[in-house]
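In what follows, every chain begins at residue 1, and chains take the letters A, B, ... in the order their sequences are listed. Since the model is a prediction, treat every value here as computed from it, not as a measurement.
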Amino acid sequence: MEEKGAAEAAAMSGGEAGAEASAGMKVAVAVDASEESLHALAWALDNIVVRRGVSSLVIVHAQPGADHYVYPVAAHGIAIAYAPAAAIESMRKAQDEISRKVVSRALDACKQREASVNATGAILEGDAKEAICQAVEEMHADLLVLGSRGLGKIKRAFLGSVSDYLVHHACCPVLVVKPSKAHDK
Amino acid sequence: MASPAPAPAQQQQQRGEPKPQKVMVAVDESECSHYALEWALRSLAPVIAPPLLVLTVQPLLPIGYVSAASFGAPLGMPVVAPELIKSMQERQQQLSKALIDKAKEICAQHGVSVEAMIEVGDPKEMICEAAEESKVDLLIVGSHSRGPVQRLFLGSVSNYCMHHSKCPVLVVKKQD
């Protein structure tokens with residue numbers, strides 16, 4: 001994992017910091033369609049990728065599994081019907097499309113900053129928190145970066161919070177970036 | 001303001017080259033917070049604008065327990081011997097100082113200058129307050145990795161900080 005690939009990026013920005021950027025770091029950034037996650041990605045790019053250099057950056061996006069697609073049908077007797085196979089297929093395609101857009105938007109953000117980093121995207125399926133947790137473990141990430149919607153306590157309890165789960169279960173340090181409230185430095 | 005003074009990197013302002021961040025690490029006597037400090041020094045040294053702020057929060061003295069110990073003292077006597085309180089306070093201060101010294105040592109090993117802060121009060125609230133007052137750009141805390149039930153009852157400093165701090169929070173869990 002000690003790739004020297006990021007040495008160029010590290011040298012141009014990390015050299016003057018005194019401490020040499022040692023072994024390359026693998027950073028995973030979880031994105032979804034929200035602006036907050038893009039903001040988190042931007043923060044990570046500016047402060048970690050450019051300043052310190054990473055050996056690889058992986059954009060992960062979790063899309064819900066296809067078996068969640070049931071819909072209530074107002075038919076006699078049966079209140080819920082499982083979606084027919086064709087509908088599932090087309091929903092899955094739509095989901096894939098959305099996921100691809102989300103990941104490519106994130107990868108574009110990486111390119112814009114001209115961060116000379118090896119950025120790849122990964123689309124995971126299933127429950128977001130568990131899928132991301134597992135992916136981070138499998139890829140041996142050194143750091144996971146998340147955005148946070150800043151939900152209040154109650155919403156967080158009902159809707160569940162991906163960032164809460166990951167902070168406590170991920171196998172690596174987790175950086176949670178909140179949307180900035182325009183606090184200038 | 002939060003901009004670091006000495007960093008010479010600011011001269012290459014090609015496209016708004018991102019500047020080093022003002023970072024605060026909260027430590028207490030737990031191993032996991034020192035692990036968090038070491039991780040930060042190892043992995044994020046170029047990101048940190050010197051000096052690194054290291055904060056430890058002394059919990060308020062549990063005066064309630066101390067009072068209970070003198071239950072049954074005759075009326076009119078001071079409920080808690082002032083010497084006892086004083087010695088407890090001194091002990092707390094010694095502990096905090098020892099923590100700060102240990103943190104300074106770790107930072108010195110990595111060649112990072114450090115500024116120490118000691119606050120008194122409820123740890124989670126004081127950490128967030130101090131981070132806000134010092135206008136830090138990044139707050140780093142350790143995490144005990146307690147189970148969900150314990151976390152619910154004992155509370156979690158890292159959880160609180162994550163929800164209430166205005167700046168990004170990095171939670172470093174010590175891996176077994």
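B:Ile127 and B:Leu95 are members of different hydrophobic clusters when ILVMFWY side chains are connected at heavy-atom separations under 4.5 Å. In the hydrophobic clustering of this structure, A:Val60 groups with A:Tyr165; members are Ile, Leu, Val, Met, Phe, Trp, Tyr whose side-chain heavy atoms approach within less than 4.5 Å, directly or through other members. A:Leu146 and B:Tyr160 fall into different hydrophobic clusters, where Ile, Leu, Val, Met, Phe, Trp and Tyr are joined by side-chain heavy atoms under 4.5 Å apart, directly or via other members. Under the 4.5 Å side-chain heavy-atom criterion for grouping Ile, Leu, Val, Met, Phe, Trp and Tyr, A:Leu38 is connected to A:Leu57 within one hydrophobic cluster. A:Val103 is connected to A:Val54 through a chain of hydrophobic side-chain contacts under 4.5 Å among Ile, Leu, Val, Met, Phe, Trp and Tyr, so both are in one cluster.
Among all heavy-atom pairs drawn from B:Trp39 and A:Asp142, the shortest one is CZ2-O, 3.4 Å.
The residue among B:Ser165, B:Gly142, B:Ala36 with the most heavy atom pairs within less than 4.5 Å of chain A is B:Ser165. When each of A:Asn47, A:Asp46, A:Val177 is scored by its heavy-atom pairs under 4.5 Å with chain B, the top score falls to A:Asn47.
In this structure, chain B has a heavy atom under 4.5 Å from the backbone of A:Ala170, while its side chain stays farther away. Residue contact with chain A, scored on non-hydrogen atoms closer than 4.5 Å, is absent for B:Ile48.
Not one N or O on the side chain of B:Lys166 forms a donor-acceptor pair closer than 3.5 Å with the backbone of A:Lys178. Looking at B:Lys173, its side chain does come within 3.5 Å of a backbone N or O of A:His168 through a donor-acceptor pair.
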Please tabulate, for side-chain N and O atoms in residues 51-60 of chain B, each donor-acceptor pair with protein atoms closer than 3.5 Å (sequence neighbours left out).
unit_1, atom_1, unit_2, atom_2, d
B:Thr56, OG1, B:Val27, O, 3.0
B:Gln58, NE2, B:Ser96, OG, 3.1

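A:Ser148 OG to B:His163 NE2: the interatomic distance, rounded to the nearest 0.5 Å, is 7.0 Å. Between the CG atom in B:Asp137 and the CH2 atom in A:Trp43 there is a gap of 7.5 Å [rounded to 0.5 Å].
Checking each of B:Val171, B:Val169, B:Leu170 against A:Val167 for a side chain to side chain contact (heavy atoms under 4.5 Å, CB included) leaves exactly one that passes, namely B:Val171.
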